[in-house]
Amino acid sequence: MTQPQVLVVEDDPELREILRRALERDGLAVTARGTGGDGLRAAERHPPDVVVLDVGLPDADGRDVCAALRARGVHAPVLFLTARGELPDRLAGFGAGGDDYLAKPFDLEELAMRLRALIRRGGSGRTLEAAGLRLDEATHAAHMGDRRVPLTPTEFRLLARLAAEPGVAIGRRELRAALWPLGDGPPSRNTLDVHVARVRRKLEAFPDAPGITTVPGAGYVLK
């Protein structure tokens, strides 16, 4: 029987080696890389069955690496590793196309169990729907009827967070946390507004799509 192929992308060399040894002991074949770029190249050469992806990589945000994997046709399930465990961070990871989430520190047996479950379940490609609008995690695009609009990874995270609770006003602080979960924050105070404006313009391509409404003092709502 062929061993399931696991791609581990983790910048901490000690943790990367611990993961490699533990997963190999569990019967998995492991390819370990320390940067997002090296992980992408490894996935393209030898498509994995599952990916363990650190959110905080030295050369890229792990969510953007996940989006790049999907864009390049790699639809293996992705489990995010991160030091942060709050709900907005999990939502941001799922919005980027991830399938599971494990906050550090974690138990190695639990990690192996979750990876086995993801391998059994197979590739991603799920969709999130809200008011007739479909968000495709595999391609980072919005669909309505027979029309399709591509989104950048940040635009997708924003729209996915709003679509997760349509009709509910999501505060600016929570949206910033969903878009920039590592705590580094946006480049400037109005960056969130710029992204909202861009997504609004893209939604105009759909005649009957829900819109993003500003709720003074509360944030933004998709309805």
Side-chain angles (χ1 to χ4, degrees), residues 1-85 89-127 136-141 152-154 156-157 160 180-182 184:
M1 181 180 296
T2 303
Q3 288 179 300
Q5 303 293 312
V6 181
L7 172 62
V8 173
V9 186
E10 163 62 53
D11 67 313
D12 184 319
E14 182 177 357
L15 178 56
R16 188 168 65 245
E17 182 61 15
I18 289 173
L19 292 173
R20 185 186 65 79
R21 292 181 178 178
L23 295 176
E24 286 180 345
R25 284 197 301 269
D26 198 60
L28 304 172
V30 180
T31 299
R33 295 291 185 268
T35 68
D38 287 344
L40 283 173
R41 286 186 284 273
E44 287 185 308
R45 286 194 297 268
H46 303 289
D49 295 303
V50 68
V51 179
V52 178
L53 182 57
D54 188 16
V55 171
L57 295 169
D59 61 334
D61 185 316
R63 299 163 304 167
D64 293 334
V65 174
C66 182
L69 286 170
R70 301 301 186 227
R72 299 181 187 196
V74 178
H75 298 309
V78 172
L79 183 147
F80 282 111
L81 297 179
T82 178
R84 298 171 63 89
D89 304 316
R90 297 198 299 273
L91 291 171
F94 295 139
D99 297 86
D100 202 354
Y101 185 103
L102 201 55
K104 301 175 183 177
F106 53 85
D107 183 83
L108 291 172
E109 290 186 6
E110 180 182 1
L111 172 64
M113 178 188 69
R114 291 190 181 207
L115 292 180
R116 291 286 187 183
L118 288 173
I119 291 169
R120 288 194 299 270
R121 195 169 75 194
S124 185
R126 297 170 300 169
T127 60
D136 189 336
E137 292 181 343
T139 61
H140 275 199
T152 68
T154 303
F156 186 90
R157 289 193 292 270
W180 297 280
L182 297 181
D184 48 355

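We use all heavy atoms of the structure for the numbers below, so side chains are in, but hydrogens, waters and symmetry mates are not.
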Can you name the nearest heavy-atom pair linking [X] to [Y], along with the distance?
X	Y	result
Gly36	Asp59	N-OD1, 2.9 Å
Gly56	Asp11	O-OD1, 3.5 Å
Gly27	Pro4	O-CD, 4.0 Å

Just verifying a value: how many Å separate [X] [atom1] and [Y] [atom2], rounded to the nearest 0.5 Å?
X	Y	atom1	atom2	answer
Asp64	Leu69	CG	CG	11.0 Å
Gln3	Leu23	CD	CG	11.5 Å
Leu111	Leu102	CG	CG	6.0 Å
Leu19	Glu14	CG	CD	10.5 Å

Leu28/Gln5 under side chain to side chain contact (heavy atoms under 4.5 Å, CB included): CA gap, chis, key distance, verdict: CA-CA 6 Å; Leu28 304 172; Gln5 303 293 312; over 6 Å; no
NZ/NE/NH1/NH2 to OD/OE distance under 4.0 Å, Arg20 and Glu17: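 Counted as a salt bridge, because a side-chain N and a carboxylate O are separated by less than 4.0 Å.
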Note: Lys104-Asp54 ion pair, threshold 4.0 Å (strictly below): yes
With a 4.5 Å cut-off on side-chain heavy atoms, are [Y] and [X] touching?
X	Y	value
Leu53	Val65	yes
Val6	Val8	yes
Pro48	Val74	yes
Pro58	Thr35	yes
Val78	Leu118	no
Val52	Leu7	no
His46	Thr31	no

Begin with the C-alpha distance, continue with both residues' side-chain angles, and end with the deciding distance and a verdict on salt bridge (Lys or Arg N to Asp or Glu O under 4.0 Å) for Asp26 and Arg116. CA-CA 10 Å; Asp26 198 60; Arg116 291 286 187 183; 3.3 Å; yes
Audit row: Phe106, Leu81, side chain to side chain contact (heavy atoms under 4.5 Å, CB included) steps and yes/no: CA-CA 9 Å; Phe106 53 85; Leu81 297 179; 3.7 Å; yes
Kindly say whether [Y] contributes a backbone atom to a donor-acceptor pair with the side chain of [X] at under 3.5 angstrom?
X	Y	value
Asp100	Phe80	no
Arg33	Val9	no
Arg114	Tyr101	yes

Would you say CD of Glu110 has more than 12 non-hydrogen atoms from neighbouring residues, nucleotides or ligands within 6.0 angstrom?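 Yes - once you tally the heavy atoms of other residues, nucleotides and ligands closer than 6.0 Å, there are more than 12.
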